[in-house]
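Worksheet for the structure shown next.
Owing to the predicted nature of the structure, the values given are computational and were not obtained by experimental measurement.
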2 protein chains.
Amino acid sequence: MFNHSAILSDMPPRWLNGEEQQAWRAFLTFVARLDDHLDRQLQRDSGMPHAYYQVLAMLSEAPERTLRMSDLARITLSSPSRLSHAVARLEENGWVRRERHPTDRRGALAVLTDRGFEALRRAAPGHVAAVREVMFDRLTPEQVRRLRSLFSTLTEETAPTPGPGPAAPAGRAGHAELTT
Amino acid sequence: MFNHSAILSDMPPRWLNGEEQQAWRAFLTFVARLDDHLDRQLQRDSGMPHAYYQVLAMLSEAPERTLRMSDLARITLSSPSRLSHAVARLEENGWVRRERHPTDRRGALAVLTDRGFEALRRAAPGHVAAVREVMFDRLTPEQVRRLRSLFSTLTEETAPTPGPGPAAPAGRAGHAELTT
DNA sequence: CTCAGATGGTTGAATGCTCAAGCAGAGTCT
DNA sequence: AGACTCTGCTTGAGCATTCAACCATCTGAG
């Protein structure tokens with residue numbers, strides 16, 4: 001048996017060329033700025049980190065403002081552990097409540113409380129303004145189109161996802177767009 | 001006197017339109033994937049987080065493999081505090097050493113040790129492979145150009161930086177490109 | 001039915017980051 | 001010189017995230 005990773009790692013690394021380097025560094029710089037800006041703004045004005053905002057936002061769009069923990073974790077791009085801790089914290093604030101899943105007794109549901117919805121509603125305008133300030137107000141509509149196109153490509157499922165795939169994410173509820 | 005922020009916050013928020021939403025979500029998804037992928041790969045294969053890799057990489061390019069803490073902080077896009085903690089940790093590993101600044105006695109210098117350079121050299125191929133895997137191998141050269149162009153725009157200094165600006169970052173040293 | 005493995009979720013320890021406070025040295029003004 | 005402020009850097013506490021266990025429940029094979 002050959003060790004495939006050894007074979008792979010024996011190939012000389014393909015370093016980034018000039019263009020790629022520039023793209024990479026500019027990208028890293030922007031992401032750093034962005035994370036910093038968003039987290040600071042939310043923490044300062046609304047007392048929550050960006051990750052928690054996303055949890056509240058996703059819940060606010062869900063039917064009954066309720067989602068199963070595992071689904072919420074997937075949607076918010078966080079690990080089960082991270083989400084569990086986060087929801088624990090949000091529960092202390094009275095922004096989210098846990099409920100038991102009606103049929104699967106392993107399951108837990110996260111429910112956005114009225115106070116949580118209020119907190120989100122107050123946080124949203126400042127947040128979207130911050131996003132605009134750092135990103136969209138610096139781009140022309142044409143550039144926004146290119147941006148979307150690029151990152152659609154980059155996030156496309158590359159792995160062979162046979163079958164109908166994980167079904168569209170349960171259509172947006174009729175609420176205002178508090179999701180950014 | 002009017003309260004300007006009150007005036008600002010009284011304007012109805014400009015929510016993101018459809019195109020912007022799609023761009024934003026795809027972007028967030030990609031960044032989450034990317035951070036996760038890079039941090040995991042580095043932690044697993046080289047025992048350091050991505051932020052520490054960047055510290056080592058920047059030092060490796062500097063003359064004498066040495067930088068003043070404040071400069072290093074700026075280059076690595078981290079706060080002074082963050083860098084101080086990071087260097088403390090790197091010092092424990094024997095990868096970086098602190099020295100006193102020769103003329104400004106407030107100053108501290110971070111020096112990449114030989115062991116640190118070795119660690120970086122071993123980490124670099126896996127890291128650049130990870131970056132390729134998630135980003136550049138999924139883009140055509142034309143797309144890479146657009147990417148660079150977009151993020152150059154987004155990271156351009158917007159504030160009126162009069163004068164000659166903060167001088168080009170001390171040209172790359174002749175070392176191999178371990179910076180990604 | 002029963003058992004083995006998969007799935008859903010939580011927990012605690014370890015780590016990195018942020019924030020606010022603090023200290024020492026350098027500049028500046030009189 | 002003396003007093004003020006600014007800059008450079010560090011520190012400790014608090015918080016978020018990760019990782020590796022862990023328990024409970026569900027599912028499927030025999």
Q | Residue whose closest nucleotide on DNA chain C lies nearer the 5' end, Ser70(A) versus Met48(B) | A |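 The residue whose closest nucleotide sits nearer the 5' end is Ser70(A).
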
**Q.** Comparing Arg98(A) and Gln43(A) on DNA chain C - which has the more 5′ nearest nucleotide
**A.**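 It is Arg98(A) whose nearest nucleotide is closer to the 5' end.
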
Whole angstrom is fine here: how far is it from [atom1] in [X] over to [atom2] in [N]?
| X | N | atom1 | atom2 | answer |
| --- | --- | --- | --- | --- |
| Arg89(B) | dA14(C) | CZ | P | 12 Å |
| Arg74(A) | dG9(C) | CZ | P | 10 Å |
| Asp36(B) | dA16(D) | CG | C1' | 15 Å |
| Asp104(B) | dC9(D) | CG | C1' | 11 Å |
| Gln54(A) | dA16(D) | CD | P | 14 Å |
| Arg106(B) | dG22(C) | CZ | P | 20 Å |
| His50(B) | dC17(C) | NE2 | P | 12 Å |
| Leu83(B) | dG8(D) | CG | P | 13 Å |

Q) Roughly how far, to the nearest 0.5 Å, is CZ of Arg33(A) from OG1 of Thr29(A)? A) 7.0 Å

Q: With rounding to the nearest 0.5 Å, note down the distance linking CE in Met58(B) to OG in Ser60(B).
A: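 Spacing of CE (Met58(B)) from OG (Ser60(B)) equals 8.5 Å.
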
Q: Looking at every strand, decide which applies to Ala51(A) at a 4.0 Å heavy-atom threshold: base, sugar-phosphate, or nothing.
A: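 Touches sugar-phosphate only.
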
Q | same_hphob_cluster(Val134(B), Trp15(A)) at 4.5 Å side-chain heavy-atom cutoff | A |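 Same cluster: Val134(B) reaches Trp15(A) through Ile, Leu, Val, Met, Phe, Trp or Tyr contacts under 4.5 Å.
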
Q. In terms of the nearest nucleotide of DNA chain D, which residue is placed more toward the 5' end: Ala86(A) or Gly107(B)?
A. Gly107(B)

Q) Taking 4.0 angstrom as the limit, do Glu142(A) and Arg146(B) come out as a salt bridge? A)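 No, no charged N to carboxylate O under 4.0 Å.
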
Phosphate OP1/OP2 of [N]: any [X] side-chain N/O under 4.0 Å:
| X | N | answer |
| --- | --- | --- |
| Arg68(B) | dG8(D) | no |
| Ser79(B) | dT18(C) | yes |
| Arg105(A) | dA24(D) | no |
| Arg40(B) | dC19(D) | yes |

Q: Check if the side chain of His85(A) and the base of dG12(C) share a donor-acceptor pair of N or O atoms closer than 3.5 Å.
A: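 In this structure, the two groups form a donor-acceptor pair.
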
**Q.** Donor-acceptor pair under 3.5 Å, Arg82(A) side chain vs dT18(D) base
**A.** no

Q. Considering only side-chain heavy atoms of Ser81(A), which listed nucleotide, dT10(D), dT11(C), dT7(C), is closest?
A. dT11(C)

Q: Answer yes or no on whether Arg65(B) is positioned over the face of Phe117(B), meaning its NZ or CZ is under 6.0 Å from the six-membered ring centre and within 45° of the axis.
A: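 Because its charged atom sits under 6.0 Å from the ring centre and within 45° of the axis, Arg65(B) does stack over Phe117(B).
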
